[in-house]
Colleague: 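My questions all concern the structure below.
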Amino acid sequence: MNLAFLWHMHQPDYRNADGVMQMPWVFLHAIKDYYDMPWMLERHGTLKATFNITPPLIAQLKLYYENPQANDKFFALWLRDISTLNRTEYRWMLKICKSAHFETMVAGFESYERLYKQESYTNAEFFDLQVWFLLSWCGVYLRQNSTLVQEMLVREGSFSLDDKHALLHELTLFVRGIFDYYASLKERDIISISTTPLNHPILPLLLDMQNAKIANESTNTPKYAINLEEDALLQIKRAQELFVDTFGFKNDGFWPAEGAVDVKSAALFKKCGASWIATDEEILFRSSGTRARELLYAPYEYNGLTIAFRDHELSDLIGFNYRFLEPQNAADDFISRLQNIHKNHDDATVFIILDGENAWEFYKNNGFDFFDALYGSLKSAAFLQTLHMQDVLELPKKPLEHLAAGSWINGEFNTWVGHREKTRAWEFIYITKRDYEHHQELLDSATQERIREHFLAAECSDWFWWYGDDHFTEFGLEFDALFRSHLLDIYTLMQVAPPQDLLEPIIQNRSSSDFLLQPQSFLSPTISGKHGSFFEWIGSGVINEHKSASTMDLPKTPIKKILYGYDEQNLYFAFVPHKKAIKECEKLRIIIDPIGFSEELAMGEKSHTTAKNGDIVYEAAYDTWLEVRIEKAAIKEQKISLRFEVLKEGTVVQTLPGFGVLELDIECDFSERWFV
């Protein structure tokens with residue numbers, strides 16, 4: 001059988017009107033993922049894969065080749081004397097430096113852990129926090145091969161300005177070589193390289209907003225939508241131009257942004273010379289009118305264009321699930337699933353397509369141990385070979401008569417249109433486009449070109465991803481401001497006053513309070529395990545797991561929300577489940593440090609128990625949800641840290657809270673913050 005990996009590397013365009021990046025994620029993923037991912041593949045010799053590198057990532061990464069501080073807001077502030085930062089700058093830097101995933105990027109570095117948990121800092125402490133943040137993003141390759149990074153990681157802090165300059169210089173030199181490394185792997189036939197239309201737009205929505213209703217008739221679409229076919233064509237052509245300028249050859253294929261396709265976008269790709277595109281299995285099933293999985297394991301040809309359809313389950317196992325397993329166990333499970341496909345389907349070709357950067361910060365050791373086990377197992381598996389997409393073009397293809405409109409998320413477009421905020425963003429694009437058409441003839445060609453660039457940037461899918469309530473980021477307001485800035489800059493270039501509504505944020509003022517609310521008062525619920533006792537939890541704290549970890553489109557996890565609170569005698573917790581996801585889970589483990597408390601509580605079937613763990617009395621009940629009471633009397637520590645683990649067949653399938661550890665001061669009287 002054939003196995004074809006496609007790793008999608010993407011960042012939105014963070015540049016403001018002055019060309020300065022407003023967030024540092026391009027650089028951070030460059031030192032953690034963009035080199036490490038192909039390097040981990042190369043280490044295993046005979047394996048192949050495809051890497052899809054988007055134009056906004058390419059353009060912005062090049063801005064770090066010289067003087068990163070001149071092109072990135074974060075590094076400009078990072079090198080500033082802390083005493084010169086105003087309140088807004090200081091708080092923004094603090095938010096950035098506390099954004100690293102605690103469990104896999106902070107835990108283990110004692111000095112960083114201590115600083116991460118603090119709420120106030122001396123200037124020296126804040127300086128060290130800034131350095132630790134950047135060090136925590138250094139990937140496995142740098143930790144194994146950079147003497148400077150190695151030396152700084154074993155220090156306990158007390159970093160100097162010279163240390164900052166040396167570290168940034170070292171990392172800048174490293175970043176400069178990333179695309180040359182990809183090109184060298186391409187020359188050696190280890191990888192093929194593809195791209196995405198210029199600003200990662202959802203092309204089917206540019207071409208015809210009614211595609212959203214075709215995919216899901218209940219979707220609310222903006223009124224008076226405009227056909228943006230001219231922009232769609234530019235998005236493809238300019239991506240090709242940037243790709244050639246970067247790598248020296250023309251790409252032969254595209255991963256359409258979010259795997260979003262329709263008949264018109266496929267025709268545009270073909271018109272621009274593409275040989276292949278890729279999308280999700282759901283599109284194949286909708287196109288063929290059947291969900292028979294045997295249809296999935298082959299490349300297809302549609303109107304002269306090769307199409308690869310991703311195996312959704314296998315791709316999501318890597319993206320979301322295997323981080324909970326020991327690396328070799330995860331690799332063995334993956335190989336076993338491939339063997340089952342091989343046994344049941346002759347000459348199968350399986351396409352594994354997923355995000356190549358965001359998942360690994362949730363894996364231990366940035367995914368290195370997992371990939372070492374996975375790639376090692378694939379290399380020794382005699383029944384399969386790995387291919388890149390140029391190899392796939394040589395395989396026999398099945399004919400595809402019809403191509404349904406949709407994306408990789410449920411075969412729909414609701415992630416990018418439908419919610420009030422998403423739809424409002426589209427309406428602003430249409431309003432601005434109409435206003436531009438009324439003034440276009442009065443503008444010189446250079447101004448028209450700058451306006452065209454702003455429209456293309458405003459059509460990026462990422463802005464719409466963060467609008468609405470389906471995904472959450474602490475930086476939602478920053479994304480909102482960047483989106484609107486492109487449209488506001490168009491009005492500035494036209495010398496026309498913008499609509500007043502465009503000056504106001506589209507996104508509601510959401511912050512971490514959306515997924516992490518502190519208790520408002522004492523509470524003393526009865527432990528019954530029944531959802532009907534909800535009103536007993538009024539005034540409780542809330543951890544919303546759905547919104548706390550949604551940089552990707554996560555599958556449903558067993559626990560979606562935690563309620564918590566306390567009175568003078570007890571601590572109380574309620575775990576709100578996703579009904580379908582919880583069915584196969586048997587236990588929830590509660591871990592309390594530093595008192596050594598670890599207890600597994602039954603879930604899935606009705607139960608009610610009162611027991612002891614050492615000297616600590618606890619009560620637990622499960623009916624429609626899990627409720628827990630823990631007596632405080634035998635807890636000798638004032639401050640404790642809690643973690644929760646959901647177990648399925650002995651394997652941890654979810655760790656809570658997703659943002660790190662829950663720290664409690666059990667003598668808190670609401671005059672101080674309860675947890676960090």
Side-chain angles (χ1 to χ4, degrees), residues 10-28 56-57 59-60 63 70-78 85-99 199-202 222 415-417 419-433 435-436 450-451 453-494 496-515 547 550-551:
H10 167 62
Q11 288 293 318
D13 194 333
Y14 297 112
R15 291 171 289 186
N16 65 6
D18 297 323
V20 176
M21 287 171 280
Q22 299 299 291
M23 286 179 275
W25 310 123
V26 171
F27 188 90
L28 296 177
L57 170 56
Q60 292 176 102
L63 295 178
N71 298 310
D72 186 297
K73 172 184 174 181
F74 171 80
F75 285 112
L77 297 177
W78 193 75
L85 300 179
N86 62 37
R87 179 178 176 83
T88 299
E89 292 168 339
Y90 188 98
R91 294 181 67 178
W92 184 80
M93 285 294 287
L94 181 60
K95 182 167 72 168
I96 291 280
C97 291
K98 285 194 171 187
S99 66
N199 280 293
H200 209 262
I202 305 298
T415 298
W416 304 278
V417 67
H419 186 279
R420 180 188 60 80
E421 291 177 358
K422 301 175 192 287
T423 300
R424 186 60 170 154
W426 283 108
E427 289 171 347
F428 276 134
I429 289 178
Y430 299 145
I431 290 169
T432 307
K433 180 70 81 168
D435 286 344
Y436 170 61
R450 291 177 64 188
I451 287 174
E453 291 174 354
H454 281 299
F455 273 122
L456 297 180
E459 291 158 6
C460 174
S461 70
D462 296 84
W463 316 130
F464 305 94
W465 178 282
W466 296 118
Y467 286 130
D469 55 8
D470 48 348
H471 298 101
F472 177 81
T473 173
E474 275 281 9
F475 301 94
L477 291 176
E478 285 89 341
F479 278 106
D480 183 12
L482 279 169
F483 167 74
R484 288 182 296 107
S485 74
H486 289 295
L487 302 182
L488 289 169
D489 287 341
I490 291 172
Y491 282 99
T492 298
L493 289 166
M494 293 191 300
V496 173
Q500 285 296 310
D501 284 358
L502 190 55
L503 299 173
E504 299 294 328
I506 297 170
I507 201 169
Q508 296 177 3
N509 192 1
R510 300 195 298 266
S511 67
S512 60
S513 62
D514 270 13
F515 64 84
K547 292 185 178 179
S550 56
T551 55

Colleague: Quick one: is the NZ or CZ of Lys422 closer than 6.0 Å to the six-membered ring centre of Trp466, and within 45° of its axis?
Modeller: no
Colleague: Atom CE in Met23, atom CG in Leu482: separation rounded to 0.5 Å?
Modeller: 5.0 Å
Colleague: May I have the step-by-step check of side-chain contact (heavy atoms from CB on, under 4.5 Å) for Leu488 and Leu502, ending in yes or no?
Modeller: CA-CA 7 Å; Leu488 289 169; Leu502 190 55; 3.8 Å; yes
Colleague: Taking NZ, NE, NH1 and NH2 as the nitrogens, is one of them in Glu478 or Lys73 under 4.0 Å from a carboxylate oxygen of the other?
Modeller: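 No, no charged N to carboxylate O under 4.0 Å.
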Colleague: Do any N or O atoms from the side chain of Glu421 and from the backbone of Tyr467 form a donor-acceptor pair under 3.5 angstrom?
Modeller: no
Colleague: So, taking the atom named CH2 in Trp25 and the one named OG in Ser99, what distance separates them when rounded to the nearest 0.5 Å?
Modeller: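 It comes to 3.5 Å.
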Colleague: Has Glu89 got a side-chain atom pairing as donor or acceptor with Leu85's backbone, closer than 3.5 angstrom?
Modeller: no
Colleague: Are the side chains of Pro56 and Pro12 in touch, meaning some heavy atoms are under 4.5 Å apart?
Modeller: no
Colleague: May I have the step-by-step check of side-chain contact (heavy atoms from CB on, under 4.5 Å) for Asp72 and Val20, ending in yes or no?
Modeller: CA-CA 5 Å; Asp72 186 297; Val20 176; 5.7 Å; no
Colleague: Nearest 0.5 angstrom please: Asp469 CG to His419 NE2, how far?
Modeller: 4.0 Å
Colleague: Salt bridge between Arg450 and Glu453, side-chain N to carboxylate O under 4.0 Å?
Modeller: no
Colleague: Assign the ring pair Tyr14 / Phe479 to parallel, tilted or perpendicular, where the plane angle (0 to 90°) is split at 30° and 60°.
Modeller: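 Ring orientation, 0 to 90° scale: tilted.
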Colleague: Are Trp463 and Phe428, when compared by the centres of their aromatic rings, separated by less than 6.0 Å?
Modeller: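 No, they do not, as the ring centres are separated by 6.0 Å or more.
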Colleague: If you measure from CG on Asp501 to CD1 on Ile506, what distance do you get to the nearest 0.5 Å?
Modeller: 9.5 Å
Colleague: Walk me through it: do Met93 and Phe74 pass the test side-chain contact (heavy atoms from CB on, under 4.5 Å)?
Modeller: CA-CA 7 Å; Met93 285 294 287; Phe74 171 80; 3.6 Å; yes
Colleague: Parallel, tilted or perpendicular: which fits the ring planes of Trp426 and Phe464, with parallel below 30° and perpendicular above 60°?
Modeller: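 It falls in the parallel class, under 30°.
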Colleague: Quick one: are the ring centres of Tyr436 and Tyr491 less than 6.0 Å apart?
Modeller: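 No, the ring of Tyr436 stays outside the 6.0 Å limit from the ring of Tyr491, centre to centre.
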Colleague: Can you tell me if Asp13 uses its side chain to pair, donor with acceptor, with the backbone of Arg15 under 3.5 Å?
Modeller: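 Yes; judged by distance alone, with no hydrogens or angles, the pair exists.
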Colleague: So, Asn199 side chain and Glu459 main chain: donor-acceptor pair closer than 3.5 Å or not?
Modeller: no
Colleague: If you compare all heavy atoms of Ile429 against all heavy atoms of Ala458, which two are closest, and at what distance to 0.1 Å?
Modeller: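 Closest approach of Ile429 to Ala458: CD1-O, 3.6 Å.
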Colleague: If you round to the nearest 0.5 Å, how far is CG of Leu77 from CD1 of Ile96?
Modeller: 9.5 Å
Colleague: Just so I know, are the side chains of His454 and Thr432 near enough to count as touching, which here means a heavy-atom distance under 4.5 Å?
Modeller: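 No, every pair of side-chain atoms sits at 4.5 Å or beyond.
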Colleague: Supply the atom-to-atom distance Ile202 CD1 to Ser461 OG, rounded to the nearest 0.5 angstrom.
Modeller: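 Output value for this atom pair is 4.5 Å.
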